[in-house]
Amino acid sequence: MLVLGIESSCDETGVALVETQGAALPRLCAHALHSQITMHQAYGGVVPELASRDHIRRVLPLAQSVFDEAGKRLADVDVVAYTRGPGLAGALLVGAGVACALGAALGKPVLGVHHLEGHLLSPFLSADAPEFPFVALLVSGGHTQLMRVDGVGRYEMLGETIDDAAGEAFDKSAKLMGLPYPGGPWLAKLAEQGDPAAFKLPRPLLHSGDLDFSFAGLKTAVMTQARKLGDDLEGRKADLAAATQAAIVEVLLKKSMTALTQTGLKRLVVAGGVGANRDLRTQLDAACARRGVRVHYPELHLCTDNGAMIAMAAAMRLQAGMQQPTEVYAFDVKPRWPLDSLVRAPEDALA
Ligand code: KG4
Ligand code: ZN
């Protein structure tokens, strides 16, 4: 079965082809990505209308290049998958509209995918694929969640952020330091030259005993510190970046270890854009090695948004019998869509 996947939830247009053979893990045939980051940088953040228009321009040429690279034709596609949510409504509608138009033209069914499920299952695209069950640390620009994952569509929320996401904490702190959008990778790069102990920043909810996160206070502390530094900020930026990263990483690390202890599981999967952070990876690797825990990440280039994870999640849902594709081309997107609603009512995904 050949699955075409389209991602357009935010500022990346992604298209991919994934092939399934029986019960074996689906194989990525080809994928292509266009990042809108440079377009949005001038505004310091994503401009939704510009994002939608750019998705329209990019999606079909990207699809063409994916078919060329894979040596496949449009007529070979069995299912067209697209990101149904969460994300920017207008941006989601582009992917959904194109997917439904292709599906209708080909007489093939479509399947709406949850963006976070795409991230969650993206490590299955790597050579070192995980096995169920595992604890998942999902750290993206909009979400920070710890989950127990027993199989495709079998997710139990263990804890999540009560305010800002980890990616947001990186991005907002970076913005305060005058770094370009999206700040996470820039802040991480700057942090390499800084001293993480140079400033004392709060570790929100570190000792709360539960698995929830809160990063809004950290952003405020970074702002206070930046104001205090005034003109000296420029010279101390690397130290402030290193201290900010250390605070975020320490909280993510500690809560992940607590989740492993509480569940008794010996496998950790890290997914989402912040999963590309090198310091986070180094520290998780060391802590997991000490505990005899196997840790899995998506390939670095598949940590941030892409079409491969959407095609993969669709293929894995179909293989697991969790969802049937539909020939109702409704392109009804869900800009807000909690991941655990997939668990409570899997049939709702078809509604
Ligand atoms: O998963 P993603 O591509 O988009 C969402 O679904 O939100 O994640 C984007 C987030 C941004 O906040 C970005 O700053 C962050 O991931 N990010 C990083 C790094 N690379 C991307 N944060 C810290 N260090 C990085 N190397
Ligand atoms: Zn994402």
Side-chain angles (χ1 to χ4, degrees), residues 5-14 16 33-37 40-41 44-46 48 51 82-88 91-92 95 113-123 125 136-145 160-161 164-177 179-192 194 196 213 215 218-219 222 241-242 244-253 269-284 297-310 312-313 335-337 339:
I6 300 173
E7 154 65 29
S8 71
S9 66
C10 189
D11 57 354
E12 251 110 24
T13 322
L33 190 70
H34 174 79
S35 171
Q36 306 177 351
I37 282 175
H40 296 296
Q41 241 158 24
V46 177
Y82 62 94
T83 305
R84 191 180 177 199
L88 302 169
L92 289 167
V113 173
H114 196 293
H115 180 83
L116 292 180
E117 188 173 41
H119 277 303
L120 189 68
L121 300 177
S122 63
L125 287 159
L137 172 67
L138 195 55
V139 273
S140 70
H143 295 83
T144 299
Q145 300 176 337
E160 61 186 325
T161 185
D164 289 356
E168 233 172 326
F170 267 106
D171 294 346
K172 288 180 175 171
S173 303
K175 200 168 186 178
L176 289 167
M177 295 176 214
L179 299 173
Y181 171 85
W186 293 88
L187 190 147
K189 184 124 198 59
L190 191 61
E192 285 171 18
F213 302 86
F215 289 107
L218 175 64
K219 170 198 62 194
V222 172
T244 305
Q245 176 173 267
I248 298 170
V249 168
E250 187 180 341
V251 177
L252 295 176
L253 178 76
V269 161
V270 184
V274 180
N277 186 272
R278 199 183 300 166
D279 190 36
L280 177 66
R281 286 187 175 215
T282 308
Q283 299 221 30
L284 283 173
Y297 307 92
E299 311 250 348
L300 259 187
H301 68 287
L302 297 178
C303 270
T304 44
D305 296 347
N306 62 83
M309 68 184 199
I310 300 305
M312 186 67 173
R336 288 177 191 276
W337 191 10
L339 184 58

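Keep in mind that the numbers below use all heavy atoms, side chains included, and drop hydrogens, waters and symmetry copies. The chain is numbered in sequence order, starting from 1. Every number for a ligand or one of its atoms is a count from 1 in the order of the listing.
Near Gly142, the atoms of ligand 1 lying under 4.0 angstrom from a non-hydrogen atom of the residue are 7 (O). Atoms of ligand 1 lying under 4.0 Å from any heavy atom of Thr304, numbered from 1 in the order shown and given with element: 3 (O). Listed by number with element, the atoms of ligand 1 under 4.0 angstrom from any heavy atom of Gly167 are 12 (O). Which parts of ligand 1 touch His115 is read off a 4.0 Å heavy-atom cut-off, strictly below it: atoms 6 (O).
Only the side chain of Asp171 comes within 4.0 Å of ligand 1, counting heavy atoms alone; its backbone N, CA, C and O stay farther away. With a heavy-atom cut-off of 4.0 Å, His119 touches ligand 1 through its side chain alone.
Glu12 contributes atom CD, which lies 11.5 Å from atom OG1 of Thr83 (distance to the nearest 0.5 angstrom). Interatomic distance, CD1 of Ile6 versus OH of Tyr82, reported as 10.0 Å (0.5 Å rounding).
The only option from Leu120, Leu138, Leu137, Val139 that meets the side chain to side chain contact (heavy atoms under 4.5 Å, CB included) definition with Gln145 turns out to be Leu138.
Residue-level check: among N/O/S atoms of Asp305, OD1 sits closest to the Zn ion (ligand 2).
The distance criterion of under 3.5 Å between nitrogen or oxygen atoms is met by Asp305 with respect to ligand 1.
Nearest protein heavy-atom neighbour of atom 22 (N) of ligand 1: Gly184 CA, 3.5 Å. Scanning the protein heavy atoms around atom 7 (O) of ligand 1, the nearest turns out to be Gly141 N, 2.7 Å. At the shortest separation from atom 23 (C) of ligand 1 among protein heavy atoms lies Asn277 ND2, 3.5 Å. The protein non-hydrogen atom at the shortest distance from atom 17 (N) of ligand 1 is Gly273 O, 3.6 Å.
Side-chain contact between Thr244 and Phe170: absent, with no pair of heavy atoms (C-beta onward) separated by less than 4.5 Å.
The minimum heavy-atom distance linking Asp305 with His119 is given by the pair OD1-NE2, 2.9 Å. Nearest heavy-atom pair, Ser140 versus Ala165, reported as atom, atom and distance to 0.1 Å: O-CB, 3.9 Å.
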Check your understanding: Is there a side chain to side chain donor-acceptor pair (under 3.5 Å) between Glu160 and His143 once you walk through the steps?
Key -> CA-CA 8 Å; Glu160 61 186 325; His143 295 83; over 6 Å; no

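Environment of NZ in Lys175: sparse, with no more than 12 heavy atoms of neighbouring residues, nucleotides or ligands closer than 6.0 Å.
With 2.8 Å as the limit, His119 counts as an N, O or S neighbour of the Zn ion (ligand 2).
Inspection of the Gln245 and Asn277 side chains reveals an N or O donor paired with an N or O acceptor under 3.5 Å.
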